[in-house]
Amino acid sequence: MEATLLSFPSRSLTQTKTQTHFLSNPPPFLSSKPKRPSKLSIRSAISRNKKEETVETVKTQLDDCQLLAAIKYKGFTVKQFQDLRRSLPETTTLVVAKNTLVYKAIEGTPWEALKPCMKGMNAWLFVHSEEIPAALKPYRDFQKEKKLEENDFSGAVFEGKFYAPGDFKALENMPTRAEIYAKLLGSLKSPASSLVGTIQAPARELVMVLQAYVKKLEEEGGGGGGGGGQ
């Protein structure tokens with residue numbers, strides 16, 4: 001009997017020690033300490049935010065954009081980028097962004113025609129002016145000055161049409177508004193055959209011609225009406 005009674009305190013002490021050890025070292029599922037976010041998850045969130053910001057930047061630049069061109073920039077230095085940006089007109093913006101992000105921004109829009117340029121390293125030229133040659137010329141001058149022949153235009157989209165590098169002469173030689181206006185005035189003063197030739201010009205050119213002529217008439221107060229009634 002005594003041996004039996006003496007065994008109880010020993011068992012109780014063992015249970016107490018076990019319970020104390022359990023409470024001081026609770027298993028993970030009972031721990032109340034909050035988990036700290038890993039550095040990897042923070043970096044992923046920052047990277048995702050930057051990507052979203054880049055896509056939104058591209059979409060914003062597409063507003064009122066007349067032409068979007070891709071420029072190969074592999075090998076460019078930071079200083080060269082700075083010099084190039086300073087040489088561009090105010091109506092033109094240069095954006096450096098990954099092809100995948102730019103494509104995400106233009107997907108499902110007329111600018112999606114730029115898809116053939118989605119390879120290699122590109123900088124993106126957004127032109128917010130109808131004076132296309134004047135917008136492209138600064139880069140051509142920069143390219144020659146810095147001897148960057150290999151860093152040519154990868155392509156461009158203008159009015160929904162894709163222009164490959166070999167097609168850029170058509171863009172760079174496009175007549176300015178002043179030239180179109182002069183052409184219209186010359187046609188009005190010349191025989192009817194010349195006027196017909198102007199009318200047969202591409203639709204966009206004709207619209208610009210007519211807009212310039214209407215603006216001229218408005219500036220003159222209705223144009224020619226006072227001198228015609230004799």
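The first residue in the sequence is number 1, and the count goes up from there.
Residues passing the side-chain contact (heavy atoms from CB on, under 4.5 Å) test with A70 are C117, N122, W124, S154, sequence neighbours excluded. For the side-chain hydrogen bond (donor to acceptor under 3.5 Å, both in side chains) test, residues two or more places apart in sequence or in another chain that qualify with K137 are D141. Partners of R140 according to the side-chain contact (heavy atoms from CB on, under 4.5 Å) rule, which considers only residues two or more places apart in sequence or in another chain, are Q143, D152, F153, F168, E172. Residues forming a side-chain contact (heavy atoms from CB on, under 4.5 Å) with A123 (at least two apart in sequence, or on another chain): Y73, F81, L94, V96. Residues that satisfy the side-chain contact (heavy atoms from CB on, under 4.5 Å) test with P110, not counting sequence neighbours, are absent from this structure.
Listed by first then second residue, pairs satisfying ring-ring contact (aromatic ring centres under 6.0 Å, His included) with a partner in residues 82-101 number zero, not counting sequence neighbours. Within the structure, every pair that satisfies the salt bridge (charged side-chain N to carboxylate O under 4.0 Å, His left out) test and touches residues 86-108, not counting sequence neighbours, is listed here: D83-R86. Note on residues 108-120: pairs passing side chain to side chain donor-acceptor pair (under 3.5 Å), not counting sequence neighbours, are Y103-E112.
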Report task. Please report the C-alpha distance between V127 and L68 in whole Å, then the side-chain angles of each, then the deciding distance to 0.1 Å, and finally whether the side chain to side chain contact (heavy atoms under 4.5 Å, CB included) criterion is met. Result -> CA-CA 6 Å; V127 179; L68 174 55; over 6 Å; no
Cut-off 3.5 Å, no hydrogens considered: what does the side-chain donor-acceptor table look like for residues 57-64, sequence neighbours left out?
| unit_1 | atom_1 | unit_2 | atom_2 | d |
| --- | --- | --- | --- | --- |
| T57 | OG1 | E53 | O | 2.9 |
| T60 | OG1 | E56 | O | 2.9 |
| Q61 | OE1 | T93 | OG1 | 3.4 |

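When atom types are taken as modelled, the side chain of N173 and the backbone of A170 share no donor-acceptor pair closer than 3.5 angstrom. Not a single donor-acceptor pair under 3.5 Å links the side chain of N99 to the backbone N or O of M121.
What you find for L67 and C65 is that their closest heavy atoms are O-SG, 3.1 Å. Heavy-atom minimum distance, A113 versus F162: O-CD1, 3.4 Å. Shown here for M118 and V102, the closest heavy-atom pair between the two residues is CE-CG1, 4.0 Å.
Hydrophobic clustering, defined by side-chain heavy atoms of Ile, Leu, Val, Met, Phe, Trp and Tyr closer than 4.5 Å, groups V55 together with L101. Here V78 is tied to no hydrophobic group at all, with no ILVMFWY side chain closer than 4.5 Å.
Remark: Q82 CD is packed, more than 12 non-hydrogen atoms of other residues, nucleotides or ligands lying under 6.0 Å away.
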